[in-house]
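Working notes for the structure below.
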Amino acid sequence: MERKPLDLLIDTNGVWLSRNGLLHGVKNFEVSRNHIHITTDCGSRFTVRNSRRSRSARALRNNKYRKACKNCKLSDERITRFVTKDFGRGSQARVVTASKTKKNKPPEAAVVKAVSSKANEMPPVAETKKEKPVKPDYTPAQKKRITTLLSPADDFSSVKELPPFKELETELVKKRKQDLRHMYEKDRRHQLAQLERDISLFLIEKGFMEVRTSIMIPAKFIERMGITEEDPLYKQIFRVDNNTCLRPMLAPGLYNYLHNFDNIMPDPLKIFEIGTCYRKESDGKEHLEEFTMINFCQMGSGCTRENLLKIIDELLKYLKIDYEVIADNCMVYGNTIDIMHGDMEISSAVVGPIPQDLDWGVTKPWMGAGMGLERLLKVKHKYTNIKRSSRSISYYNGITTNLR
């Protein structure tokens, strides 16, 4: 028996089976080169690989389901048609998408038609060349381009219908050029560098002394932080050679300063560092492989949870960033205090002592917190992607530089 492609099975059945066996009605779906993007009648969205041999394809061929989605409101007739495979002369919907074409033929634009929820509705009549072509939607590449050109100030919520791609792209490119020229004429400060200066000024006024340590650190510092080969962070480290790596955190340098400055500086000892760290992070809207951290710590008297939260509160109010405090636990420091903005962690704080203090020769109580500056900028300026606030040649102050 021939195995039909998954997109043809969806097109024929007009329903979708989720992994838990829930039967949904298909409102519409789009087919990209390797994936299918499905929207169900209840508003759920699924992205699956377009494979003949996948679990999804087998489920649709075997017409077995656990129960029907109550929010999709599938009729008994529609379910019966799926179970008995009684589809009459044809399918309920047809989806045409851009695909691989010969060089002498331009790719066709994607056309998506809704799947009807009426079981007795006649199948759609095939389109003929005489019919007027449906106005094409933006292709995935065009959508990505528009998203890159948008700024947080752009608002299309009141626009009923977006203009053709070229017209919208031209308008957004013009706006972004004006934004860059305005920055050059009025400010000229880089947001990430300015945030570093603002935080440095705040902490210096609070009595903290600024330090700078090396980006390359001995590999043994990683072990001394309690990170072993079994820890996920161990695999994220960029190694220069067997004995040296790029620092994944600022803590080793600060630990050394706490040990060396003990009994030299007045009590309490307050230090901080702002610097670049490196990790082999997974790609995402909140992670970078090269990122900027601020770590501040205090050793000696006054190292309490209340005092630590007071400093964090004053700093974030100074930066005009809303937050909430939750308890957490991490592989390095054990029990931590996490500072959240919505679903994103913007700071992690600790009140010592902790077990690895003795490995660094630190014997006094301490408290400290770390924050990712790119995340702070993402929150402050409402960026959709953290790359807009990172060290980059693709963006300047959140604006794409690809405007030619």
Side-chain angles (χ1 to χ4, degrees), residues 191-213 225 247 249-277 291-330 332-342 344-354 356-357 360 362-381 389:
Q191 289 174 349
L192 183 59
Q194 184 59 43
L195 183 59
E196 289 186 29
R197 290 190 287 267
D198 290 341
I199 294 176
S200 293
L201 179 61
F202 172 87
L203 290 173
I204 288 171
E205 290 182 348
K206 291 292 181 182
F208 288 82
M209 182 171 71
E210 185 172 15
V211 300
R212 292 289 170 119
T213 60
M225 289 299 301
R247 62 184 180 192
M249 58 184 70
L250 299 178
L254 293 174
Y255 258 129
N256 276 298
Y257 266 108
L258 290 177
H259 172 71
N260 293 336
F261 283 169
D262 188 22
N263 298 323
I264 297 177
M265 303 298 182
D267 178 71
L269 169 61
K270 299 180 179 182
I271 58 175
F272 77 95
E273 179 172 12
I274 299 176
T276 310
C277 298
F291 57 97
T292 313
M293 289 293 297
I294 159 64
N295 276 36
F296 66 85
C297 56
Q298 175 176 324
M299 185 176 71
S301 60
C303 294
T304 64
R305 187 177 192 273
E306 292 72 23
N307 287 341
L308 178 57
L309 289 177
K310 181 181 178 182
I311 297 173
I312 293 172
D313 178 70
E314 291 175 351
L315 174 57
L316 292 179
K317 283 182 177 177
Y318 171 73
L319 298 176
K320 299 179 181 179
I321 294 176
D322 297 328
Y323 72 94
E324 62 177 340
V325 179
I326 65 171
D328 199 2
N329 185 281
C330 80
V332 177
Y333 300 107
N335 294 328
T336 61
I337 305 166
D338 279 4
I339 311 300
M340 308 292 295
H341 179 92
M344 184 169 67
E345 177 191 319
I346 56 176
S347 176
S348 184
V350 183
V351 177
I354 58 175
Q356 57 259 44
D357 289 354
W360 296 92
V362 172
T363 58
K364 295 180 179 179
W366 64 274
M367 65 181 188
M371 299 181 183
L373 268 64
E374 289 84 0
R375 290 192 178 190
L376 295 178
L377 283 177
K378 183 176 183 289
V379 170
K380 278 178 66 68
H381 299 285
S389 55

Just by modelled atom types, is the [Y] backbone N or O under 3.5 Å from a matching donor or acceptor in the [X] side chain?
{"X": "Asp313", "Y": "Leu309", "value": "no"}
{"X": "Ser347", "Y": "Gly370", "value": "yes"}
{"X": "Lys380", "Y": "Leu319", "value": "yes"}
{"X": "Asp357", "Y": "Ile354", "value": "yes"}
{"X": "Asn295", "Y": "Leu250", "value": "no"}

Next item on the list: Under the side chain to side chain contact (heavy atoms under 4.5 Å, CB included) rule, what do Ile311 and Lys206 come out as? Steps first, then yes or no, please.
Entry: CA-CA 9 Å; Ile311 297 173; Lys206 291 292 181 182; 5.7 Å; no
Notebook entry, point to check: Given Lys364 and Asn263, is the side chain to side chain contact (heavy atoms under 4.5 Å, CB included) satisfied, shown in steps?
Noted result: CA-CA 11 Å; Lys364 295 180 179 179; Asn263 298 323; 3.6 Å; yes
Note to self: Ser200: which residues meet the side chain to side chain donor-acceptor pair (under 3.5 Å) condition with it, sequence neighbours left out?
What the structure shows: none
Margin query: Looking only at side-chain N and O atoms, does Thr213 offer a donor or acceptor that is under 3.5 Å from a partner on Glu273?
Written below: yes
Shortest non-hydrogen separation from [X] to [Y] and the atoms involved:
{"X": "Gly207", "Y": "Lys270", "result": "O-CB, 3.6 Å"}
{"X": "Phe296", "Y": "Leu203", "result": "CB-CD1, 4.1 Å"}
{"X": "Ser348", "Y": "Thr336", "result": "OG-CB, 3.7 Å"}
{"X": "Met225", "Y": "Ala251", "result": "CE-CB, 3.7 Å"}

Check: In chain order, what residues pass the side-chain contact (heavy atoms from CB on, under 4.5 Å) check against Met340, with sequence neighbours excluded?
Finding: Glu324, Ile326, Asp338, Glu345
Next item on the list: Please identify each residue that fulfils side-chain contact (heavy atoms from CB on, under 4.5 Å) with Arg197, with sequence neighbours left out.
Entry: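 side-chain contact (heavy atoms from CB on, under 4.5 Å) check on Arg197 returns Arg189, Ala193, Gln194.
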Notebook entry, point to check: Between Tyr255 and Trp366, how do the two ring planes meet: parallel, tilted or perpendicular, split at 30° and 60°?
Noted result: perpendicular
